[in-house]
Amino acid sequence: MDCACRPFFLWGTWMSTTPRTTSPPNTITFTISPPLINSRSCTPPSPPRLKATTSPFNFSLDLPSGGNNNHGGRNSNNNNKGWWWRRWWNDGSDSSNTFSLLFLLSSSIVLQLASSAAARTQQEEGEEVWEVKGSNWARLVPDFSKDEFVVSPTSSWSLFSVNDLWSQCTTLFVRLMLPQGFPQSVTSDYLDYSLWRAVQGVASQISGVLATQALLYAVGLGKGAIPTAAAINWVLKDGIGYLSKIVLSKYGRHFDVHPKGWRLFADLLENAAFGLEMLTPAFPHLFVFIELLKVDAHNLQAATRSCFYAGFAAQRNFAEVIAKGEAQGMVSKFIGIMLGIALANCIGSSTPLALASFSVVTWIHMFCNLKSYQSIQLRTLNPYRASLVFSEYLLSGQAPPVKEINDEEPLFPAVPFLNIYSKGNVQSIVLSSEARNAAAEIEQRLQLGSKLSDVVNNKDDVLALFNLYRDEGYILTEHKGRFCVVLKESSSPHDMLKSLFQVNYLYWLERNAGIEARSISADCRPEGRLQISLEYARREFNHVKNDSVSMGWVADGLIARPSPIRVCPGNIASSIAS
């Protein structure tokens with residue numbers, strides 16, 4: 001029976017995989033011992049053999065020797081050495097010792113060459129060992145002189161191999177442009193977004209080059225006005241940029257709630273600024289206004305970009321995702337600038353060609369922007385996404401997936417005629433029309449952070465509300481057709497998310513159970529709609545939250561922009577008592 005063992009590397013272990021054959025008497029048999037890993041011997045255990053330990057390779061000299069207990073031509077008595085051992089120690093001849101030493105050294109060399117040949121033969125048969133580091137693979141081969149594995153010369157950089165050069169370039173590009181561990185380290189929508197953003201980045205830079213060329217022609221290229229215009233442009237851009245950042249910081253929470261819509265609005269501003277730059281010869285007095293539009297667009301883009309990158313970081317690798325995104329943007333800008341310069345040289349000073357080229361590039365830019373934002377799957381819950389999740393849960397008993405909700409969410413909720421959906425007119429097979437209508441109406445009727453004095457008119461209503469919501473971080477009531485949520489001083493985003501779930505159930509009672517609103521005091525009593533909805537929210541909120549988390553949602557709180565008005569129950573209770 002032949003052995004099917006293949007030699008692999010095992011530190012400091014040298015074993016034999018060669019089947020033992022019967023040797024004629026008085027013959028020397030060398031057993032080659034290549035390195036092994038996970039080997040299985042198919043030969044029975046052999047009797048003890050004499051080992052020569054002076055060589056770096058273990059080999060055996062199996063010889064018949066004299067002795068009383070001769071087993072198969074071998075002496076099992078350790079005190080009785082073989083003929084070669086007795087000759088080594090008993091013979092005092094220097095020539096014999098020299099001959100024996102040369103014999104051992106030559107045997108070691110022969111064994112080493114034979115082991116190398118055996119290893120090469122096994123590699124040719126397809127047995128390989130690879131070292132993997134990220135996306136870089138290197139083939140390892142055994143180095144028997146150093147007793148270790150080394151990188152194969154054929155797996156290193158080769159200037160004469162086109163395939164190796166292409167492989168190295170591809171590996172380098174992936175390491176520079178994509179986060180480590182891609183695609184497991186990011187979410188599933190990261191690649192689509194990055195590809196669309198790369199194309200729109202190139203188009204944006206081409207538009208910028210065309211607009212800059214038109215601006216330079218407008219201020220008088222070659223007439224000494226360029227240095228002055230450049231200095232004014234630089235000063236105005238910095239000064240207006242500082243002021244714009246201060247003003248926009250006041251609306252930072254708006255960008256968290258609807259980042260897609262605000263980012264698309266920023267791209268519209270940027271393209272409008274480029275278009276006005278193209279028309280600078282006709283409207284030179286709009287120069288400062290153009291710079292203001294460009295700075296506002298850049299600030300909005302920077303503010304909303306962080307929301308997208310935070311959602312892509314599947315392994316909490318925020319900094320790496322942001323760094324790779326910036327690297328991708330630089331590559332797009334570099335390509336766009338080169339193409340823009342080439343296109344500008346072809347156009348020259350022709351205004352019709354410049355306007356036509358700018359229109360085509362702008363259309364490509366906005367289309368790629370729209371596709372990139374539609375590919376993003378936001379996993380946080382704003383009022384619209386949370387209402388859609390809760391409404392579908394109340395109707396079907398399960399939370400909808402992330403992609404279905406993001407495809408349904410409009411980019412501009414506050415401007416209905418500008419609403420753009422990812423699926424167009426295609427109806428979702430998961431979301432019901434009742435849930436979509438409920439989410440849209442609830443978002444319009446919701447007033448988060450209401451003022452208590454605006455929704456309560458008498459002492460009894462105040463006491464009823466505070467008694468009903470004494471263990472909650474909010475107070476919910478209905479006033480003039482609006483769902484008014486009064487936030488307590490200790491209110492958290494988790495409390496706001498729970499209040500929105502109660503709002504959805506309150507809407508369900510109104511539409512499906514026919515329970516109409518009465519006075520606040522009556523609704524707070526048992527069997528009142530506020531009391532019924534609050535009990536249901538306390539009982540089912542943890543269930544719907546866990547179900548949402550299992551579908552991929554981040555349900556630790558509501559992303560919203562409530563008014564800063566808060567109430568302190570202790571102070572109000574004391575004032576009422578007095």
Side-chain angles (χ1 to χ4, degrees), residues 250-258 380-391 413-414 438-511 515-525 528-538 541 557-576:
K250 182 178 183 297
Y251 305 96
R253 193 60 175 175
H254 293 69
F255 309 147
D256 288 325
V257 180
H258 298 291
T380 56
L381 293 174
N382 64 358
Y384 182 83
R385 292 192 291 270
S387 298
L388 202 52
V389 170
F390 293 154
S391 297
E441 185 175 352
I442 287 174
E443 188 181 26
Q444 294 178 357
R445 295 173 59 182
L446 180 65
Q447 186 174 350
L448 197 60
S450 301
K451 192 176 181 180
L452 183 63
S453 58
D454 294 339
V455 298
V456 179
N457 298 323
N458 56 68
K459 176 181 177 180
D460 293 336
D461 293 343
V462 172
L463 292 177
L465 288 174
F466 274 92
N467 182 59
L468 180 64
Y469 294 98
R470 60 182 178 272
D471 297 328
E472 305 297 334
Y474 65 92
I475 296 174
L476 172 62
T477 185
E478 188 174 354
H479 180 69
K480 295 182 180 180
R482 300 182 66 89
F483 298 110
C484 301
V485 180
V486 181
L487 299 177
K488 296 183 180 180
E489 189 177 16
S490 60
S491 180
S492 64
H494 183 268
D495 295 323
M496 289 188 285
L497 185 63
K498 185 177 181 179
S499 69
L500 188 57
F501 180 65
Q502 184 182 353
V503 167
N504 278 264
Y505 188 72
L506 199 61
Y507 177 85
W508 190 89
L509 291 177
E510 177 184 312
R511 293 293 181 180
I515 302 178
E516 298 293 338
R518 297 177 292 176
S519 64
I520 295 178
S521 300
D523 289 340
C524 291
R525 298 191 186 100
R529 50 199 309 267
L530 292 180
Q531 193 269 343
I532 294 175
S533 62
L534 180 60
E535 285 188 358
Y536 183 83
R538 289 172 175 172
F541 178 65
L558 183 68
I559 305 297
R561 45 182 179 86
S563 66
I565 300 175
R566 300 291 187 271
V567 297
C568 184
N571 297 337
I572 295 178
S574 61
S575 61
I576 292 175

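For this chain, numbers begin at 1 and follow the sequence in order.
The two atoms that bring Arg482 and Gln447 nearest to each other are NE-OE1, 3.4 Å, heavy atoms only. The shortest non-hydrogen separation linking Leu500 to Ala386 is CD2-CB, 3.4 Å. Taking every heavy atom of both residues into account, Arg529 and Leu509 meet most closely at O-CD1, 4.1 Å. Between Ala537 and Gln502 the shortest heavy-atom distance is CB-CB, 4.1 Å. When every heavy atom of Pro383 is checked against every heavy atom of Leu446, the shortest pair comes out as CB-CD2, 4.3 Å. Counting all heavy atoms, side chain and backbone alike, Lys488 lies closest to Ile475 at CE-CG1, 4.0 Å.
Between Tyr536 and Phe501, the ring-plane angle classifies as parallel under the 30° and 60° cut-offs.
Taken from CZ in Arg518 to CD in Glu478, the straight-line distance is 13.0 Å, to the nearest 0.5 Å. Remark: Ile565 CD1 to Leu448 CG distance equals 11.5 Å, nearest 0.5 Å. Annotation: the span from Ile442 atom CD1 to Ser391 atom OG amounts to 4.5 Å, rounded to 0.5 Å. Here CG of Leu452 is found 12.0 Å from SG of Cys568. Values are rounded to the nearest 0.5 Å. Atom SG of residue Cys524 and atom CG of residue Asp461 lie 7.5 Å apart, to the nearest 0.5 angstrom. Distance check, rounded to the nearest 0.5 Å: CG of Leu381 to CG of Leu558 gives 7.0 Å.
Met496 places a side-chain heavy atom less than 4.5 Å from the side chain of Pro493. By the 4.5 Å heavy-atom criterion applied to side chains, His479 and Val456 are not counted as neighbours. Counting heavy atoms from C-beta outward, Leu530 and Leu465 have side chains that approach closer than 4.5 Å. Side-chain contact between Asn504 and Trp508: absent, with no pair of heavy atoms (C-beta onward) separated by less than 4.5 Å. Within the 4.5 Å cutoff, side-chain heavy atoms of Phe541 are placed close to those of Leu497. In this structure, Ser533 and Leu506 have side chains that are in contact, with non-hydrogen atoms separated by less than 4.5 Å.
Taking Glu472 as the reference, Tyr469, Tyr474, Lys498, Leu534, Arg538 meet the side chain to side chain contact (heavy atoms under 4.5 Å, CB included) condition, with sequence neighbours excluded. Remark: Thr477 pairs with no residue by the side chain to side chain donor-acceptor pair (under 3.5 Å) rule, at least two apart or across chains. Remark: Ser453 pairs with no residue by the side chain to side chain donor-acceptor pair (under 3.5 Å) rule, at least two apart or across chains.
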Determine, stepwise, if the pair Glu441 / Arg511 fulfils side chain to side chain contact (heavy atoms under 4.5 Å, CB included).
CA-CA 12 Å; Glu441 185 175 352; Arg511 293 293 181 180; 2.6 Å; yes

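A donor-acceptor pair is defined here as one N or O able to donate and one able to accept, closer than 3.5 Å; such a pair exists between the side chain of Asp495 and the backbone of Ser492.
Annotation: Arg561, atom CZ; neighbour count of heavy atoms from other residues, nucleotides and ligands within 6.0 Å does not exceed 12.
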